[in-house]
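A short worksheet on the structure shown next.
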Amino acid sequence: MHKKNKSITIFLFLLPALVLFIGILIWPIFASVHHSLYQYPTFSDPGEFVGFQNYIDLFNKQYDFGKAVVNALILAALSVFIQLPLSLGLALMLGKGIKGERFYLSVYFTPVLISAVVIGMLWEKIYNPIYGLVVKGAEALNIIDKLPPEGLLGNPKTALLAVFIPTIWQYVGYHMLLMYAGIKGVSSELREAAMLDGATDGQVNRYIIIPIIKPIIKVSIIFAITGSLKSYDLIKVFAKDAYNCSYKVPSLLLVRYAFHNAGGIASAIAVIMIVMCFAFAILINWLFKERDLYGKK
Amino acid sequence: MKKRLVSVLLAAAMVLSLVACGNAAAPAASTDTAPAADTTTETTEAAPAADTATEEVAEAPSDEPITLTMWCIATEGDSNRHAYEAAIADMAEKYPNVTLEWEAIENEAYKTKISAAMASGEGLPDIFFTWSCAFLGDFVNQGRVYCLDDVLAKYSSELPESMLGNTTYDGKHYGVPTTMNIVALFANMDLLAQAGWDKVPENYDELIQCCDDLVAAGIIPFGCAGGETWCVTEYLEPIIEKTIGADALNDIFLGRATYNNPDVAKAVDTFQEMIDKGYFDPAGASLPNDDVKANFIAGRTAFYQNGTWNCADFANNADFLPKVKVTEFPVIDSSKSKLGQLIGGPSDTLAVTASSPNAEFAAEYAAELGKLICHYGYLDGCGLPAWIPYGDTSSINPLTQSVAEICANADSYVLFGDTAQSAVDKDPYLDAVAKVYGKELDGQGFIEELAGAIR
């Protein structure tokens, strides 16, 4: 009887969080799946049941969703292979305890604190084809003919990279801070012992620090990839009305179709994004798990 | 092993949660992207002075304090800002018991915000700015808009029925038109003079010759904001209209004919030939309209084709006004089109939400406010009046007077493509227009894509 009461008490204490978790997080996912099977011309009108037609339509020429997915994957790859190594490098450098550590930490973290809209407008000015920093720099270096006359954002060949540079730059400080916190948690005795044995800085980082902060690196990779797949705000500033921009990403299309009488298409995009994020999270965990097992051997 | 399984599941649940949050938060995120400076909220309190309480004040339903809310696009940088402020001040004087809380949102962000609010029916203002035809029509179909038949009947002598056509659905009136505008070609005569032209080109051959002369003189003929696709339509639609004729274009926009028309393809190819010849400023490809307009004023481009609401801004610039002239885009195929076939018409409109707790009074208020915005907007040069003008209009700037002359000789109007077509059709249309400007689609590709996408 006493045990039963205890179970009820635990359940009652968990209930509010459970209701919130299901109501705010789980239910919208199921609702998105349901909506994706209908036309949904307005929020209140489900319209005609179309089955999986929305998913098929997404990949035709009109919606061009395939291109958006490829762009998101390119952004995810750039985040993992450029953003995170940069963050790790900075974190290792600052974690060693250099002079002015706090100052540099604040400087690198500042872009994270600035609104994405402000960063977008700032970089838009940098890329401006008439008076931007890039154009003026190229003029000074006599390489102006190497730049497209439309500007980096106006040329489809350069626009993708031009948009992704600030997107990646903004969150270098965020991942750096996560890794820096992990590095600071590593016992200084381990580092000193290795140094006494003649290990160089590089060897200490490679064989001691990085293996210890591997769980944080894993979290950073998950954040970087899922963040890239869901990226919206900064890209929206560059894309303006988002028609036919060469750097369209899934979220941009999702918002556009959600408010342009195509709720079913928008929901199908949401479901695909959920599946992609889920798949990547499982993949990353699996990759890190394999290494743990190997390490144990 | 179990621990790992749990950690994987937790990580997956967390990722799912993040995505679900992102999805649910989408409406808010979209409005956040509007530059902060472009969104303003104003509260116009009623003037407390007792001497303002004239006989007309008695028209208010009662002396009970009433608060009305309004959304519009008259941001600080908008040409219509002064007209809204002046009209609202007059209304505050006339209705001391009414407090109008009005919010101005940047154009593109506004389209998203009002569409989202209408779709959900939540958080709607009492009065809202809208574009006529299909844009307002979508909201009327959703049952969100209050019918203004009774109110507008009182103004039949001041507001001609011909100005209500674009806001009439199933014979019922749903909007108060303010000003009407057309697409016009603005020319910087100083730059034209440098290329040996002392007049604006009067036909298409002259326009092409003028552009060639400008390019030879190192002057860029046109500026067009590729960052905002509606600005590209301001070039493409007149070119299509002056190639296939107003009736044919109207039939396409209103769904009576398909885009599968070889003459439309020809017009699109004409537009792209102009781009290929270097007539368009390449820097405009990624720029917003404000920058392109500023470039025109600064003398970077010789022509700027856009809405006639720009007359106000050009007229307010004392240095620039003497240099600028306005005309209509010349006829390309005289067997199908003629001068006087214009893109535009009454589009800027105020409407009232059906769910407003004060809908009846809000309708009265919107009608009077619309009339005043029209009056001040006309005086400022923001467009031609949808209402019959009153008072002293002798101070109207020469550009707006030229536009009035163009409209006086108008043969027919085709409303802007992104307003005339429904939200569903507008989307692939603007997508295709952007692809045309980005040279991803040629004329044939344009008509094939739209004939497939718009049924």
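This structure is a prediction, so every number in the text was calculated from the model and none was measured. Chain naming here is simple, since letters A, B, ... match the order of the sequence lines and numbering starts at 1 in each.
Of the listed residues (B:Pro428, B:Gly227, B:Ser422), the one with the most heavy-atom contacts under 4.5 Å to chain A is B:Gly227. Ranked by heavy-atom pairs under 4.5 Å with chain B, the list A:Ala239, A:Pro148, A:Ala159, A:Gly154 is led by A:Gly154. For the set B:Gly284, B:Gly121, B:Pro288, B:Ala432, the count of heavy-atom pairs under 4.5 angstrom toward chain A peaks at B:Pro288. Heavy-atom pairs under 4.5 Å with chain A peak, among B:Ala285, B:Ala119, B:Ser115, at B:Ala119.
Here the closest non-hydrogen pair linking B:Ser286 and A:Glu150 is OG-O, 3.9 Å.
Heavy-atom distances place no part of B:Asn107 under 4.5 Å from chain A, backbone and side chain included. For A:Ile130, the part sitting under 4.5 Å from any heavy atom of chain B is the side chain, from C-beta outward, and nothing else. Neither the backbone nor the side chain of A:Phe238 comes within contact range of chain B; no heavy atom of the residue lies under 4.5 Å from a heavy atom of that chain. For A:Asn155, no part lies under 4.5 angstrom from a heavy atom of chain B.
Across B:Asp427, B:Val433, B:Val232, a single residue satisfies side chain to side chain contact (heavy atoms under 4.5 Å, CB included) together with A:Tyr243, and that is B:Asp427.
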Requested in this report: Evaluate the criterion side-chain contact (heavy atoms from CB on, under 4.5 Å) for residue pair A:Leu153 and B:Leu287; output intermediate values, then yes/no.
Outcome: CA-CA 9 Å; A:Leu153 284 174; B:Leu287 293 180; over 6 Å; no
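At most 12 non-hydrogen atoms from other residues, nucleotides or ligands lie less than 6.0 angstrom from CZ of A:Phe30.
With salt bridges taken as basic N to acidic carboxylate O contacts below 4.0 Å, none links A:Asp64 and B:Lys435.
Between B:Asp431 and A:Arg256 the shortest side-chain heavy-atom distance falls below 4.5 Å.
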